[in-house]
Protein chains: 4
Amino acid sequence: MVRVGVMGATGYTGLELLRILAYHPGVEVCWVGSESFPGIKLEDYCLAWQGRSNLTLQKQEVDSLEGIEAIFLALPSGVAMDYVPPLLQKGIRVIDLGADFRFKNVEVFQKYYQLEHRVPHLLQEAVYGIPEICRERLKEAQLVANPGCYPTSVIIPLYPFLKEGVISPSIIVDSKSGVTGAGRKPTEDNQFCEVDENFKAYKVGEHRHQPEMKEQLELATGREVNLIFTPHLLPLKRGILTTVYLTLEKDIEEEELLSIWKDYWGRKPWVRIFPLHRFPELRWVVGSNFVDLGLKKVGENQLIVISALDNLIKGAAGQAVQNLNLMFGKEEKEGLPEDVLYP
Amino acid sequence: MVRVGVMGATGYTGLELLRILAYHPGVEVCWVGSESFPGIKLEDYCLAWQGRSNLTLQKQEVDSLEGIEAIFLALPSGVAMDYVPPLLQKGIRVIDLGADFRFKNVEVFQKYYQLEHRVPHLLQEAVYGIPEICRERLKEAQLVANPGCYPTSVIIPLYPFLKEGVISPSIIVDSKSGVTGAGRKPTEDNQFCEVDENFKAYKVGEHRHQPEMKEQLELATGREVNLIFTPHLLPLKRGILTTVYLTLEKDIEEEELLSIWKDYWGRKPWVRIFPLHRFPELRWVVGSNFVDLGLKKVGENQLIVISALDNLIKGAAGQAVQNLNLMFGKEEKEGLPEDVLYP
Amino acid sequence: MVRVGVMGATGYTGLELLRILAYHPGVEVCWVGSESFPGIKLEDYCLAWQGRSNLTLQKQEVDSLEGIEAIFLALPSGVAMDYVPPLLQKGIRVIDLGADFRFKNVEVFQKYYQLEHRVPHLLQEAVYGIPEICRERLKEAQLVANPGCYPTSVIIPLYPFLKEGVISPSIIVDSKSGVTGAGRKPTEDNQFCEVDENFKAYKVGEHRHQPEMKEQLELATGREVNLIFTPHLLPLKRGILTTVYLTLEKDIEEEELLSIWKDYWGRKPWVRIFPLHRFPELRWVVGSNFVDLGLKKVGENQLIVISALDNLIKGAAGQAVQNLNLMFGKEEKEGLPEDVLYP
Amino acid sequence: MVRVGVMGATGYTGLELLRILAYHPGVEVCWVGSESFPGIKLEDYCLAWQGRSNLTLQKQEVDSLEGIEAIFLALPSGVAMDYVPPLLQKGIRVIDLGADFRFKNVEVFQKYYQLEHRVPHLLQEAVYGIPEICRERLKEAQLVANPGCYPTSVIIPLYPFLKEGVISPSIIVDSKSGVTGAGRKPTEDNQFCEVDENFKAYKVGEHRHQPEMKEQLELATGREVNLIFTPHLLPLKRGILTTVYLTLEKDIEEEELLSIWKDYWGRKPWVRIFPLHRFPELRWVVGSNFVDLGLKKVGENQLIVISALDNLIKGAAGQAVQNLNLMFGKEEKEGLPEDVLYP
């Protein structure tokens with residue numbers, strides 16, 4: 001049993017970690033921290049846990065942490081970077097679900113997050129944790145930067161095609177996300193009456209996940225990537241569906257493109273490749289750790305790729321647990337939900 | 001043309017007033033006030049108004065009001081009571097959409113709203129504005145207390161039956177409301193992810209509209225009313241559907257009960273009485289000023305009554321305009337929306 | 001391992017059974033039947049199962065069933081009654097999720113379902129399967145009638161109070177259900193555009209679950225029960241929230257009422273009793289087999305009881321598996337979901 | 001007063017026509033037809049009309065039509081083409097809201113609709129009715145083909161840029177529509193439980209509106225257009241939001257692009273051009289006949305254009321009435337709704 005803690009346990013991502021870990025046969029949650037609600041019992045804070053948990057939310061002090069082997073950080077941008085050095089010093093392996101350690105280029109981070117990075121030397125050490133790609137590096141990783149939800153929905157379908165050189169690096173990404181992606185803090189924009197029956201693009205041409213996708217795809221391929229990204233907000237709770245528009249650089253059939261995906265991801269437990277003429281939808285993934293992929297060629301040489309995932313699971317907490325599994329020598333699949341909540 | 005103003009124009013009720021009044025042929029909106037956004041143009045504050053309005057939000061100072069004959073107050077509880085005396089002194093007739101002047105019994109108000117009433121002498125003067133009932137008194141009214149949304153959905157169906165003595169005054173009211181009823185201020189409870197796919201009762205046995213319904217029904221009948229009220233929150237924006245459980249005190253058929261409703265409301269433009277075996281639904285009223293009524297007898301002597309209305313229109317802004325019409329000698333129907341937005 | 005089959009596997013209830021049973025450590029699903037899609041692989045019929053199942057939908061012929069110890073029937077009304085005799089003859093224990101065996105009084109069934117009962121002699125043999133109540137009888141049961149979703153939400157909270165004689169048998173039940181309760185067959189009423197942003201009562205005073213609740217509560221107490229039931233349709237997928245209005249026959253405090261519930265249900269794994277001032281909501285149960293209970297006294301002697309459950313789980317498939325557990329000597333809790341999908 | 005009729009009055013588009021025309025000061029609806037419900041009163045067919053209409057649904061026979069100057073056809077594909085010749089012969093001007101007369105190239109129509117065109121000679125005569133573009137031709141038009149909802153959302157923003165030669169004719173269109181776009185006929189795909197909390201692309205690379213957009217844009221510019229179109233289904237009732245990805249062919253600033261839009265559409269009453277940094281959203285258009293436009297340059301020479309409209313109004317019934325206005329010499333704006341239903 002790996003003994004773990006969760007910082008920021010009362011946000012949507014933190015709660016989702018607890019939901020998943022409660023049924024993980026190889027992990028024990030020994031400590032849950034909260035900035036705002038220390039001293040409150042989890043079952044009183046969130047009635048979904050009524051009668052199901054003995055945990056009490058703790059003050060988030062590193063000194064008081066004992067007997068923990070790994071910790072999940074589900075904290076606002078700029079907060080994790082102060083916790084990570086003392087945690088690593090105590091020998092606690094860290095999986096950070098925020099953005100603080102996702103970039104190799106500190107200037108890009110600082111520009112997009114408008115924050116000074118106080119421990120930039122750790123950026124090179126951090127493993128960008130898409131477990132389908134970085135499996136080997138996870139074994140020894142002390143610090144894992146869990147990817148953003150949108151980048152996960154983009155990197156997994158595109159990585160094989162860029163590696164194989166079948167697509168042009170001019171990429172158009174049109175993503176649509178549920179509202180849990182915006183977190184739990186009340187804002188006017190996320191009030192029910194502003195979201196329900198509405199649909200909008202937001203942060204057009206300036207979302208922080210664009211440079212994250214770009215950097216990771218470039219690191220993976222050695223090619224410069226030109227990537228346009230438009231996120232949209234769906235009137236629903238969970239799920240990201242991403243539609244990508246690509247230009248093929250080779251004369252290649254749909255079946256061959258599926259073969260490339262299968263070569264890379266066919267044995268990965270959490271990537272599902274849809275047959276031709278069938279396309280991912282949110283209803284087939286919500287509640288599970290799957291990322292589903294589908295594609296279609298249009299015109300002479302254009303390619304549409306569609307991916308779908310549950311942003312709180314494969315886009316955040318589930319992927320974090322998948323990383324933990326590989327860090328601690330477990331099965332990649334262990335303890336993760338595959339029972340899609342349909343209908 | 002009646003020249004009017006709106007205080008609290010940026011809340012949901014205030015915006016709905018502006019939406020309705022924009023197409024009222026006999027009213028001109030000359031002044032719109034906002035506590036938080038003075039100086040901002042309405043079309044910039046709310047993009048629904050983009051290109052459609054020349055109004056600019058004003059500081060809410062009574063001194064600066066000139067040339068206004070009537071004003072709508074869409075303000076938080078306890079705020080209107082300070083504006084009303086100087087407004088009346090300037091000769092401006094007031095329609096208050098809040099609760100400050102809804103009660104005749106000041107103690108009940110103070111207990112339920114936890115506020116001291118600073119102008120209790122005005123309570124007797126205020127007309128409780130269900131225009132179907134108080135038509136005559138509105139002609140001379142200087143101060144109208146626009147009813148709560150839930151009470152409107154209860155008083156209109158029950159008033160005739162209580163007046164005619166056909167039902168017992170032991171009344172069970174189970175109401176379900178859309179989220180606009182909670183106003184525009186961001187709260188954790190009204191975040192999209194807390195409301196969507198959820199349903200709950202709230203303020204069980206202690207909602208402020210219970211004493212309001214009780215007082216008004218008692219004033220109307222002279223009988224003591226025992227009324228239980230449970231409000232619930234629906235995952236949708238607009239509409240209240242109320243299911244009332246009653247005991248008949250007379251041996252009376254459904255058709256006769258419909259006849260009583262028709263005697264009282266048959267010529268009222270905004271009350272629709274459904275035929276037997278058909279029942280009100282939100283989709284048949286949202287967007288309009290209608291309140292729809294239906295009923296069914298069950299068992300020997302029990303009666304189920306169902307009413308539906310749009311809480312922002314007949315439950316608030318529309319009813320306020322209906323009151324204004326009667327205050328200024330206009331047709332009750334004038335300028336009010338009847339085009340239900342279905343589907 | 002209990003070897004089971006599921007008839008009617010492609011409806012919402014059938015699919016939910018498969019979802020639950022897939023993770024049940026003591027059950028193996030060996031056979032899935034479908035009237036409309038025999039020969040199709042489950043993973044092709046429903047893409048949520050893509051890559052997760054080797055099952056193929058079978059013709060629903062009893063003759064071909066081999067090696068099955070128990071079968072779940074998720075069939076339309078009137079269909080199960082023809083399958084049950086041959087199934088029992090083959091020694092297969094039956095859990096029927098439809099209405100065919102829920103009534104002891106065959107006339108009541110025939111009146112409300114407008115069907116002739118072709119095997120009325122089996123009605124007395126069938127165990128009405130609320131496992132919290134009929135635990136002992138389940139051990140030997142060959143035929144279990146799984147209760148309706150609404151009745152489950154009513155019988156569990158009221159049974160203790162009726163048994164203890166603290167409430168009057170005049171009961172008003174106001175229930176609100178999600179749309180999965182209406183099944184999967186396309187109808188105009190269940191089209192998205194007719195349900196979304198709508199709310200309505202339906203089958204007012206004539207829903208088939210009213211006589212079911214009444215009969216079971218009367219059998220449990222020996223008293224005649226007068227029960228009014230109004231179901232409503234919520235614009236969401238899963239969940240029933242029921243608000244019950246009762247009159248107390250004794251002078252009794254809220255804490256004592258909670259104590260009665262705790263005496264009856266405190267050790268039952270799937271009933272959660274909420275503390276005073278906290279009330280069940282759908283968001284705290286959806287995805288799990290819990291039924292949550294809360295209460296409040298109002299006025300002198302009136303009582304409001306609120307219950308919440310997931311209609312596909314504790315209201316159907318989950319309860320069926322809970323019954324199976326007790327029929328086969330397993331832990332009542334085994335294999336059933338407790339991880340509420342919040343948010 | 002123009003005397004008009006509506007065929008197919010009971011579908012969502014037909015009902016929306018009736019909703020709009022009821023308040024049009026210059027139009028009288030004299031006849032409403034229905035294939036399935038002849039003889040039924042409109043107010044009984046759709047309870048939104050309860051007490052508001054004296055119309056009765058009629059058999060759809062051209063012979064019986066008398067005293068009608070214009071007719072709206074809201075019929076399934078392939079049905080209108082049989083009605084149009086006798087209607088024109090009777091001197092009735094036709095606005096067809098279906099696809100039968102949208103194409104100039106009959107082969108393209110026949111390929112995409114899998115229907116033989118029985119009156120291809122009328123295709124050249126029909127005016128493709130985007131009134132912002134074809135204003136002059138409408139004056140004498142006897143047959144107007146009302147555009148598809150998606151094409152309207154694409155042609156209005158792109159037409160000026162193509163005409164001015166500032167964008168490349170390689171166009172990527174990613175559209176998202178509410179469910180009313182799919183019509184009223186019950187299907188499994190449009191059941192509430194399949195749409196709610198779901199999001200999907202559909203008819204990927206093969207939607208019928210792709211050739212419609214392409215043909216019209218090519219006719220407008222004389223250039224060959226390469227257009228990829230992916231429609232998606234939103235879990236909401238009304239609205240289309242379209243995101244278009246373009247490459248600029250000139251070095252041009254955002255302000256200049258806005259100027260081009262203003263030159264073309266600045267005096268058109270139903271096109272709203274958003275200022276820089278503000279983008280269309282469904283909540284700002286639903287309920288009105290507006291189409292809202294916004295744009296942003298990204299990278300060196302790429303352009304993102306966003307448009308929003310209510311698919312039942314500017315995307316169908318509202319645009320049809322706008323066409324009627326111009327056909328009969330009325331103000332383009334007359335009788336059309338501009339009061340966005342927000343919230």
Side-chain angles (χ1 to χ4, degrees), chain B residues 170 172-178 191-206 210 226-230 232-245 247 277-284 286 294-300 302-306 308 341-343, chain C residues 170 172-178 191-206 210 226-230 232-245 247 277-284 286 294-300 302-306 308 341-343:
Chain B
S170 282
I172 290 170
V173 177
D174 191 286
S175 288
K176 303 85 176 176
S177 174
Q191 287 290 296
F192 182 82
C193 297
E194 304 301 315
V195 173
D196 179 53
E197 299 290 301
N198 190 26
F199 181 71
K200 65 174 178 183
Y202 66 100
K203 295 190 184 157
V204 181
E206 54 192 46
Q210 187 272 344
N226 172 20
L227 186 147
I228 294 177
F229 171 58
T230 313
H232 301 73
L233 190 69
L234 289 165
L236 52 83
K237 289 196 286 189
R238 284 168 179 254
I240 286 177
L241 191 131
T242 290
T243 312
V244 190
Y245 298 92
T247 304
H277 313 305
R278 294 200 138 180
F279 298 95
E281 303 185 20
L282 295 189
R283 61 179 165 164
W284 309 135
V286 167
L295 58 77
K296 185 171 184 83
K297 266 183 79 175
V298 286
E300 294 259 313
Q302 288 179 293
L303 179 65
I304 298 174
V305 162
I306 295 175
L341 196 76
Y342 167 81
Chain C
S170 282
I172 290 170
V173 177
D174 192 285
S175 287
K176 301 88 176 176
S177 174
Q191 286 290 297
F192 182 82
C193 297
E194 304 302 314
V195 174
D196 179 51
E197 299 290 302
N198 190 27
F199 182 70
K200 65 174 177 183
Y202 66 99
K203 295 190 184 158
V204 180
E206 54 192 47
Q210 188 270 346
N226 171 18
L227 185 147
I228 294 177
F229 169 59
T230 313
H232 301 74
L233 189 70
L234 289 165
L236 53 82
K237 289 196 286 188
R238 285 169 179 255
I240 286 177
L241 191 130
T242 290
T243 312
V244 190
Y245 298 92
T247 304
H277 314 304
R278 295 201 138 179
F279 297 95
E281 304 185 18
L282 295 189
R283 62 179 164 165
W284 309 135
V286 167
L295 59 77
K296 184 169 184 86
K297 266 183 78 175
V298 287
E300 292 259 314
Q302 290 178 291
L303 179 65
I304 298 173
V305 162
I306 295 174
L341 195 77
Y342 167 82

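Heavy-atom basis, side chains included; hydrogens, waters and symmetry copies ignored. Because the structure is a prediction, the values reported are computed rather than measured.
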Check your understanding: With a 4.5 Å limit on heavy-atom distance, are the side chains of B:Ile306 and C:Lys200 in contact?
Key -> no

Point to revise | pair C:His232-B:Leu241: side-chain heavy atoms closer than 4.5 Å | key: yes

Check your understanding: Is any side-chain heavy atom of B:Phe229 closer than 4.5 Å to a side-chain heavy atom of C:Val298?
Key -> no

Point to revise | Where C:Lys296 and B:Glu206 come nearest, the two heavy atoms and their spacing | key: NZ-OE1, 3.6 Å

Point to revise | Partner set under salt bridge (charged side-chain N to carboxylate O under 4.0 Å, His left out) for B:Glu281, not counting sequence neighbours | key: B:Arg283

Check your understanding: Between C:Leu236 and B:Asn198, what is the shortest heavy-atom contact and its length?
Key -> CD2-O, 3.6 Å

Check your understanding: Among B:Ile172, B:Asp196, B:Leu234, B:Val204, which residue forms the greatest number of heavy-atom pairs with chain C at distances under 4.5 Å?
Key -> B:Val204

Check your understanding: With only heavy atoms counted, which part of B:Phe279 is less than 4.5 Å from chain C, the side chain, the backbone, both or neither?
Key -> side chain

Exercise for review: Using a 4.5 Å cut-off on heavy atoms from C-beta on, say whether the side chain of B:Arg238 contacts that of C:Glu197.
Suggested key: no

Exercise for review: May I ask you to decide if the ring planes of B:Tyr245 and C:Tyr245 are parallel, tilted or perpendicular, using 30° and 60° as cut-offs?
Suggested key: tilted

Review point. Is there side-chain contact between C:Glu194 and B:Tyr342, with at least one heavy-atom pair below 4.5 Å?
Key: yes

Check your understanding: Mind checking what makes salt bridge (charged side-chain N to carboxylate O under 4.0 Å, His left out) contact with C:Asp174, not counting sequence neighbours?
Key -> B:Lys176, C:Lys176

Check your understanding: B:Thr243, B:Asn226, B:Leu233: which one forms the most heavy-atom pairs within less than 4.5 Å of chain C?
Key -> B:Thr243

